[in-house]
Amino acid sequence: MEKNYEPEQVESAVYQRWTEAGAFAADAAGGANTYCIVIPPPNVTAPLHLGHALNNTLQDILIRYKRMTGADTLWMPGCDHAGIATQTVVEKRILAQEGKRRTDFARDDFIARIQAWKDQYEVQIIAQLKAMGCSCDWDRTRFTMDDVCAKAVREAFFKLFADGLIYRGKRLVNWDPATQTVLADDEVEHETVQGHFWYMKYPLAESVEIEGKTIEHITIATTRPETMLGDTAVAMNPTDPRAKYLIGKKVRLPLVGRIIPIIADEHVVLPDPESDDEKARFSTGFLKVTPAHDPDDWQIGQRHDLPIINVMAPDGTISDKFGWDDAAGSDAEQLLEMDRFEAREAIVEWFRTENLLEDVREYTHEVGHSYRSHVPIEPYLSDQWYIAVKKSSTGVSPVQPDTGETPVLQGTDIPVDSLAGLALKPLLDGRVKFTPERYAKTYQSWLENLRDWPISRQLWWGHRIPIWSRQMSRAEWGAWIEKDHHASVLIGSARNDISVRVVCEDGRSYGVAGCNDDYETALELRDATDPDEKMTWYVCLRDENAEEPMAKPAMIRQWLEDNGFIRDPDVLDTWFSSALWPISTMGWPEETDLLKAFYPTDLLCTAREIITLWVSRMVMFGQYFRGDIPFSQVYIHAMIQDGSGRKMSKSLGNGIDPLDIIASHGADAMRFTLASMTTETQDVRMPVEEMTLPDGRVANTSPKFDIGRNFCNKLWNASRFAMMNLEAMPAWSEIHPRENLSDRWIISRLNATVRDATAALDAFRFNDLADVLYRFMWGDFCDWYLEIAKIRINAGESAPKAVLAHCLDVLLRLLHPIVPFITERIWSQLNEVVPNRGPGDSPAEEMLIRAQWHHADAAMIDAAAEADFEFYREAVRGVRNLRAEHNVPPKQKIEISFSPESNPGEIIMDNRALFESQAFVEVISAGSEASRSDAGTFTIGGTPFYVLGVIDTEAERVRLTKQAETIQNGITAIEKKLANEKFLANAPAEVVSRERERLNALKRDFETVTNSLESLIK
RNA sequence: GGGCGCGUAGCUCAGUUGGCUAGAGCGCUUCCCUUACAAGGAAGAAGUCACAGGUUCGAGUCCUGUCGCGCCCA
């Protein structure tokens, strides 16, 4: 073995051995004891960053641990197509490199370009995961857009549509004019911007007299003047004193000339310059109402049945082609085709020149921005597909137990049998648990305030919505629906809401026979008053690629397209397919062996930023489609920031590629360090530094990873030393470890470490795990046991060899989940040297990855041995300390004296040779008379030790004086405590008696120290 | 505006239901290249636990408020 651990010479070979042995493969048959984690699929937008490294390291630690405890483990890997994110990066790249836009390509050609990008990064991502040591079941690797996942998406969409939970809605959406797509509420980032309030005068159609004054104008205040083109009312609070004069009057909208009413609405904030409420300070009492361009105004518009006038094109330019019909001929005509911000300036300028601009005030406020393009989002009127999340559904899977409870979850408006209810209930029941617990609140409050989920996206990259539509009359529709061979599709009309639905009785078959009540409703609607009324009919196709003989979906599709039905151009929100990930990867809607064996999975491990976007939706869909929660535990880990607390990102140049860390420090070092930094806090900081890698490249990495590298190197060398000394190792049955203090001690520490490491793993306390293992490996095994073993082996003892081998064996097992490569490598070496080792002298498993987790033996945890060894260790340290303080050369042997009758004294005498060797002393006198004027003194538990021949009396006086002071402080504090009757009365008995013992020991120490001081003075 | 978290040694962080003289790693100081490891060993210095109140026999820990920082949601 090399003198230093060189990870690059070990990692790939070890990984290859694992894969060749099939060590990561789950047994689909499962068994009683299974453990499953589904990977949070990384986006194929870019290579993995350090956050992914952390996320996947933690999962791998748990998977490896569970595998060693004998569970049939499945770690399901894969990637996410990440709709808008991926399309955006590819668009940007093509624009930069070729100067072409998406619209310069045919749809399929452009998708092929994105597909190529995906292929490249998927390969790269999987290579990164492998380099980190992730033991995923690679043969099951999925992609959210592969055939298996696509089938699940189609089935899920179909079922939701059939159950009436998907509807077409005209709503104000968060529109991103740059990417021209709708964003979910979660995808809007609120940024604080310095803006203005513009005070603009709107002339009254007829002047109004208020308490003797004639009013010609009213003044509205707005942060977005450009939307005034779409104003359809001015609102004021009914309690405003001016309201009685003005409500019902008309205003002539400047620029446009539109006559709009003044209406009363309580939403309007009354002006109050003294108010704490900023809005009141800025308010004039008059609110322009633009239902098509503001969510609040939309609400007001609904309340007052106001017209809705959309004045913008999808790209954010002013346009009269999308619902605005009085622009032509007005002064507003000049604004057409201007960008919204250009128009803002032009309008303000117009008001200024017309003397209608009363004031402009600075105003700081929050503005929603697209998380993709970072441009301000535009509230925009649009037709979108929605999922109704608070609507009761009969489609709730029958697997869900019927407990006969109230239809609404207590304290909420959420029906138990709605999607939101299905997601919330398991949390309230305790079936889904969060670690740390506080994140349950994030999940809960999000669900409680949930709005319907807009699922259509104006993108090309994603699962295309399986709906075809066309306009036709009721009569045409009726004739069509009666044809048996087309009843395998769902048909709905979406005027206002979906008002007609036909659902086959058996949701899984395509037969037409025996349709349910909705079918009757459909026929009734056909026969309703006006058979010639035209409306849009939506047809949802279940799986156009299915080969079922009854279905002939391809034929139906052909028929639809031949008959003028057009496929919806949009794709689904990327989170739709992510929400299905735990079931789609296992083959749902088929009831596969995998689902039977591994669903629900055991753990979801992710960062807090996607608790709402992803975690909650997986619970929703898992419950809805499979009738059970997707996982019982959600572990939320910290997010990694750079050294100054900033988010790591490419644009800031402070990101770290895990592969660069692996090159600079090794994969195990990275894993160990990341685990040791993983506490329950929200964020961890990682100082970033440029470094020259072994291959000569300069890359970002972090000195933090030295912790892990040093740890690995220490383990490597300790193992190397141990194995160099295992020749002629006696069998365990031949040795008597109970008879030697250091043996008893290290075996006790070993078992305590197993106990603590196991507890840390079970509680997801990764930093505790790393700490416990670090302390044992370095502080106990290397610093003390190995040093002692050297001396004992040199003295001819062989027993320490067997203990060394056993400790190393267990240590490797304990360390394997966290540093798998190095431990596997050492394990194979150890197997060559001593294949049979430890209690039982049994042969070790061939590969560590498949070895059994060591179970702590409580009987081996020996408090007396640990206490005795602590005395021994303190004595050695005491001598070394004196030696250092008095500048005694390490090679100068010194003499020591103490009372052998005391407990520590006996321990030292029992291990005299070892002690003399470790402290490099000679015990010359075991008498209590040994205090001399040239002696240095230290005490352990009240027993004085005298180090003789220390000549620097002044240094010793300073040292002892300081020590006496410290001891006296301790004595005073405890005496004060013990003098307090309330303490004696209230504190637990063991606390009081512990204080008494401490006081006695301190008093003995104080006596020793002061006596020594006196003899020094002589 | 609502919610969550953080503030402990020069730096990065532990500190579990309140109870030893508040810990670790890095950095720093002194000594040592002792045949496992200088990516190492031995010893050491270093903290008004953000601030102010409160509860308690006892507070880094619990409560209230203030200041500073970060994140999520509206």
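Each chain gets a letter, A, B and so on, in the order the sequences are listed, and its residues count up from 1. Bear in mind the structure is a predicted one, so any value in this text is a computation, not a measurement.
By the ring pair (Phe, Tyr, Trp, His ring centres under 6.0 Å) test, A:Tyr363 pairs with A:Phe197, A:Phe282, A:His365, sequence neighbours left out. Every residue two or more places apart in sequence or in another chain that forms a side-chain hydrogen bond (donor to acceptor under 3.5 Å, both in side chains) with A:Arg765 is listed here: A:Asp768. Partners of A:Arg883 according to the side-chain hydrogen bond (donor to acceptor under 3.5 Å, both in side chains) rule, which considers only residues two or more places apart in sequence or in another chain, do not exist here. Every residue meeting the side-chain hydrogen bond (donor to acceptor under 3.5 Å, both in side chains) condition with A:Asp1005, not counting sequence neighbours, appears here in chain and number order: A:Thr939. With sequence neighbours left out, A:Asn986 forms a side-chain hydrogen bond (donor to acceptor under 3.5 Å, both in side chains) with no residue at all.
Note on residues 667-678 of chain A: pairs passing salt bridge (Lys or Arg N to Asp or Glu O under 4.0 Å), not counting sequence neighbours, are A:Asp60-A:Arg671. Under the salt bridge (Lys or Arg N to Asp or Glu O under 4.0 Å) criterion, the residue pairs touching residues 702-712 of chain A are A:Asp706-A:Arg709, with sequence neighbours excluded.
In this structure, A:Leu773 places its CG atom 18 Å from P of B:rA24, rounding to the nearest Å.
Within the nucleic acid shown, A:Asn449 has no heavy atom closer than 4.0 Å to any nucleic acid atom. Within the 4.0 angstrom heavy-atom criterion, no nucleotide atom of any strand lies near A:Ser445. In this structure, A:Arg883 reaches neither bases nor backbone, as no heavy-atom distance under 4.0 Å exists between it and the strands shown. Among the heavy atoms of the strands lying under 4.0 Å from A:Cys782 is at least one base atom, whether or not backbone atoms are also near. Residue-level contact check: A:Met724 touches the backbone only, with heavy atoms under 4.0 Å from sugar-phosphate atoms and none from bases. Among the heavy atoms of the strands, none lies under 4.0 Å from A:Ile967. At a threshold of 4.0 angstrom between heavy atoms, the contacts of A:Glu787 include nucleobase atoms, whether or not backbone atoms are also involved. A:Arg877 comes within contact range of the sugar-phosphate backbone alone, with a heavy-atom separation under 4.0 Å but no base atom that close. Within the nucleic acid shown, A:Thr679 comes within 4.0 Å of sugar-phosphate atoms alone, with no base atom in reach, counting heavy atoms only. Here A:Lys3 lies in heavy-atom contact (under 4.0 Å) with sugar-phosphate atoms only.
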Exercise. Where does RNA chain B pair, written as one dot-bracket string 5' to 3', with Watson-Crick or G-U pairs under 3.5 Å, ( ) inside the strand, [ ] for crossing pairs and | for another strand?
Worked result: (((((((..((((.....[...)))).(((((.......))))).....(((((..]....)))))))))))).
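Using a 30° and 60° split on the angle between ring planes, A:Phe711 and A:Tyr774 fall in the parallel class, below 30°.
Two residues are said to be in side-chain contact when any heavy atoms from C-beta on lie closer than 4.5 Å; A:Thr937 and A:Thr1008 meet this criterion. With a 4.5 Å cut-off on side-chain heavy atoms, A:Lys714 and A:Asn710 do not count as touching.
Screening A:Tyr443, A:Tyr635, A:Phe764 for a ring pair (Phe, Tyr, Trp, His ring centres under 6.0 Å) with A:Phe434, the sole residue that qualifies is A:Tyr443.
Cation-pi geometry between A:Arg617 and A:Trp453 is met: under 6.0 angstrom from the ring centre, within 45 degrees of the axis.
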Identify every side-chain donor-acceptor pair in residues 1-8 of chain A under 3.5 Å, counting partners at least two apart or on other chains, and give the distances.
from   : atom 1 : to     : atom 2 : distance (Å)
A:Glu6 : OE1    : A:Gln9 : NE2    : 2.8

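Here B:rA36 is the nucleotide among B:rG44, B:rG40, B:rA36 with the atom lying nearest to any side-chain atom of A:Ala718.
When the side-chain nitrogen and oxygen atoms of A:Asn725 are compared with OP1 and OP2 of B:rA36, none of them lie within a distance under 4.0 Å. Between A:Trp778 and B:rG41 there is a side-chain polar atom (N or O) within less than 4.0 angstrom of OP1 or OP2.
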Protein N or O to nucleotides 4-8 of chain B N or O, pairs below 3.5 Å:
from  : atom 1 : to       : atom 2 : distance (Å)
B:rC4 : OP1    : A:Lys441 : NZ     : 3.1
B:rG5 : O4'    : A:Gln682 : NE2    : 3.3
B:rG5 : O2'    : A:Gln682 : NE2    : 3.4

Extract from the structure each pairing of a protein N or O with an N or O of nucleotides 54-61 of chain B at less than 3.5 Å, listing the distance.
from   : atom 1 : to       : atom 2 : distance (Å)
B:rC57 : OP1    : A:Asn986 : ND2    : 3.3
B:rC57 : O2'    : A:Asn980 : ND2    : 2.9

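Using a 4.0 Å cutoff on non-hydrogen atoms, the parts of residues 993-1004 of chain A near RNA chain B are A:Arg994, A:Arg998, A:Leu1002, ordered by number.
Considering CD of A:Glu680 and CD of A:Glu437, their distance stands at 9.0 Å, rounded to 0.5 Å.
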